[in-house]
Amino acid sequence: MTHLWLRAEQRPNEDRTGLTPDGAARLIAQGIRLTVEDSGNRILPTAAYRAAGAEIAPAGSWPGAPRDAIIFGLKELPEDGSPLPHRHIMFGHAFKGQPAGRLLLERFRTGGGRLYDLEYLLDEDSRRVAAFGYWAGYAGAAVALKCWLAQRAGGQCGPISAYPDKAALLADLHAELARELSKGTPPPSAIVIGALGRVGSGASSLCAAMGIKVTKWDKAETASGGPFPEIARHDVFLNCILAMPGTPVLVPADLPGQPRQLSVIGDIACDPSSDFSPIKVYDRTTSWSDPALRVHATPPLDVTAIDNLPSLLPLESSQDYAAQLLPSLLSLDAIDAGVWGRAGAIFDHHMRERA
Ligand SMILES: NC(=O)c1ccc[n+]([C@@H]2O[C@H](COP(=O)([O-])OP(=O)(O)OC[C@H]3O[C@@H](n4cnc5c(N)ncnc54)[C@H](O)[C@@H]3O)[C@@H](O)[C@H]2O)c1
């Protein structure tokens with residue numbers, strides 16, 4: 001019998017989960033044994049998992065789980081160097097040479113466990129079966145708009161924190177925007193690039209919900225390779241493309257000093273250290289405590305580039321992601337086949353490469 005163990009997330013500001021109580025009930029009905037760790041910050045209450053029939057364990061008790069349990073969480077494990085003998089389902093960030101990822105793989109090697117990386121759960125057409133992109137786009141557009149509003153008040157965006165749900169985020173933004181527009185300020189215009197993708201759809205939806213005029217571009221509109229003076233004619237640019245070799249430069253390094261209407265770049269794709277990043281005016285991510293990086297003083301140009309945006313909307317992010325992932329979890333009895341088999345093979349490949 002497959003035994004799935006949902007661990008409590010230990011990262012600060014991480015209230016999301018990849019399994020809802022409804023999903024838990026489905027897994028249990030299918031004969032999967034389910035243990036759920038209690039968690040003080042998970043957006044969905046432990047009591048609902050208990051009511052669904054899950055066994056409840058203390059937070060962080062997964063190292064003592066039976067050896068055949070499959071440990072499931074989203075983000076990183078405590079970095080204590082301990083060997084990892086279990087099978088783990090999580091975002092490992094371990095296959096692109098990241099320093100913390102190398103250590104994680106070493107822990108699997110010494111423990112004999114296996115990583116089924118959520119980023120590499122792919123269907124037969126190599127498309128991801130589950131991703132958080134839509135709500136990242138939604139939240140990222142909201143933060144960019146907050147940056148624009150803060151500029152209108154002569155400042156920079158202050159600390160942000162998670163919203164209980166999307167309605168609370170919209171109420172907050174609507175109130176702020178209405179205050180600004182009541183002074184006679186024209187509403188901002190926005191351009192979303194990568195608009196046909198998951199992140200771009202979410203960013204476009206937030207703009208629509210706020211009544212903001214949005215220009216939507218995807219590959220067809222950037223096929224010329226640039227330059228793209230249209231970007232600087234919008235107030236807010238929301239970058240939502242998956243950058244790769246050949247991605248054109250969308251914001252050149254000299255743009256801040258040029259005449260422009262653009263005052264906020266929301267780099268929702270958020271890959272500033274990549275050589276392929278299409279935005280050349282900044283080099284580091286920003287954070288919840290300090291969301292905006294001022295890259296030019298007068299007129300102001302702020303970049304916001306936060307790498308854990310879906311956590312700002314943990315309820316919707318969890319519900320959406322869990323719904324996408326559940327069909328794969330329901331097939332966990334066949335962990336050597338299909339989506340799990342492919343993810344396992346990717347792990348094996350990286351372990352062999354590092355041997
Ligand atoms: N900041 C965060 O918290 C966060 C969260 C999730 C995803 N992301 C990142 O956002 C990016 C997009 O993710 P996604 O899930 O939406 O990917 P996706 O594949 O669903 O969408 C990417 C879109 O970009 C378009 N695109 C690619 N190259 C382009 C180009 N040169 N010009 C115009 N459009 C182009 C594609 O056609 C596609 O529509 C990724 O880099 C991802 O890692 C960031």
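All ligand and atom numbering here is 1-based and tracks the order in the structure. All of these numbers come straight from a predicted model, not from anything done at the bench.
Applying the 4.0 Å criterion to heavy atoms of I193 picks out, from ligand 1, the atoms 33 (C). Atoms of ligand 1 found under 4.0 Å from any heavy atom of C240, numbered from 1 in the order shown, are 12 (C), 22 (C), 24 (O). In the vicinity of N308, heavy-atom distances shorter than 4.0 Å reach the ligand 1 atoms 3 (O). Atom numbering of ligand 1 starts at 1 in the shown order; those under 4.0 Å from a heavy atom of P310 are 3 (O).
Comparing D267, L250, T304, I241 by heavy-atom distance to atom 26 (N) of ligand 1, the nearest is I241. Compare S201, G246, A136 by their heavy atoms: the one nearest to atom 6 (C) of ligand 1 is in A136.
Nearest non-hydrogen protein atom to atom 7 (C) of ligand 1 is V199 CG2, 3.7 Å. The shortest contact between atom 39 (O) of ligand 1 and any protein heavy atom is with D218 OD1, 2.8 Å. Distance from atom 21 (O) of ligand 1 to its nearest protein heavy atom, with residue and atom name: G197 CA, 3.2 Å. Closest to atom 30 (C) of ligand 1, if we only count protein heavy atoms, is T222 OG1, 3.4 Å. The shortest contact between atom 3 (O) of ligand 1 and any protein heavy atom is with L309 N, 3.0 Å. Among protein heavy atoms, the minimum distance from atom 40 (C) of ligand 1 is reached at L242 CD1, 3.5 Å. Among all protein heavy atoms, the one lying closest to atom 29 (C) of ligand 1 is K219 CG, 3.7 Å. Among protein heavy atoms, the minimum distance from atom 15 (O) of ligand 1 is reached at R198 NE, 2.9 Å.
A cation-pi geometry, defined here as NZ or CZ lying under 6.0 Å from the six-membered ring centre and within 45° of its normal, holds between R16 and F132.
At a cut-off of 3.5 Å, with distance as the only test, no side-chain donor of H88 or R107 sits close to an acceptor on the other residue. When only modelled atom types and interatomic distance are considered, S277 and Y282 share no side-chain donor-acceptor pair under 3.5 Å. Side chains of T46 and D38: a donor on one and an acceptor on the other come within 3.5 Å.
Between P278 and A243, the shortest heavy-atom distance links the atoms CD-CB, 4.0 Å. A pairwise comparison of heavy atoms in D117 and H93 identifies OD2-N, 3.6 Å as the closest pair.
For ligand 1, the polar-atom distance check finds an N/O of I268 within less than 3.5 Å of one of the ligand's N/O atoms. Remark: ligand 1 and I306 share an N or O pair separated by less than 3.5 Å (distance only, no angle test). Checking only distances, F132 never comes within under 3.5 Å of ligand 1, N or O to N or O. Below 3.5 Å of separation, one finds an N or O of D307 facing an N or O of ligand 1.
At least one heavy atom of P248 sits closer than 4.0 Å to an atom of ligand 1.
Of the possible donor and acceptor atoms, none in the side chain of Y163 sits under 3.5 Å from a partner among the backbone N and O of A139.
Cluster membership check: I212 shares its hydrophobic cluster with V192, using side-chain heavy-atom separations under 4.5 Å among Ile, Leu, Val, Met, Phe, Trp and Tyr. Both I32 and L6 belong to a common hydrophobic cluster when Ile, Leu, Val, Met, Phe, Trp and Tyr are linked at side-chain heavy-atom distances under 4.5 angstrom.
Distances from atom 42 (C) of ligand 1 to the protein include no heavy-atom value under 4.0 Å.
Taking 4.0 Å as the cut-off between side-chain N and carboxylate O, D348 and R114 count as a salt-bridged pair.
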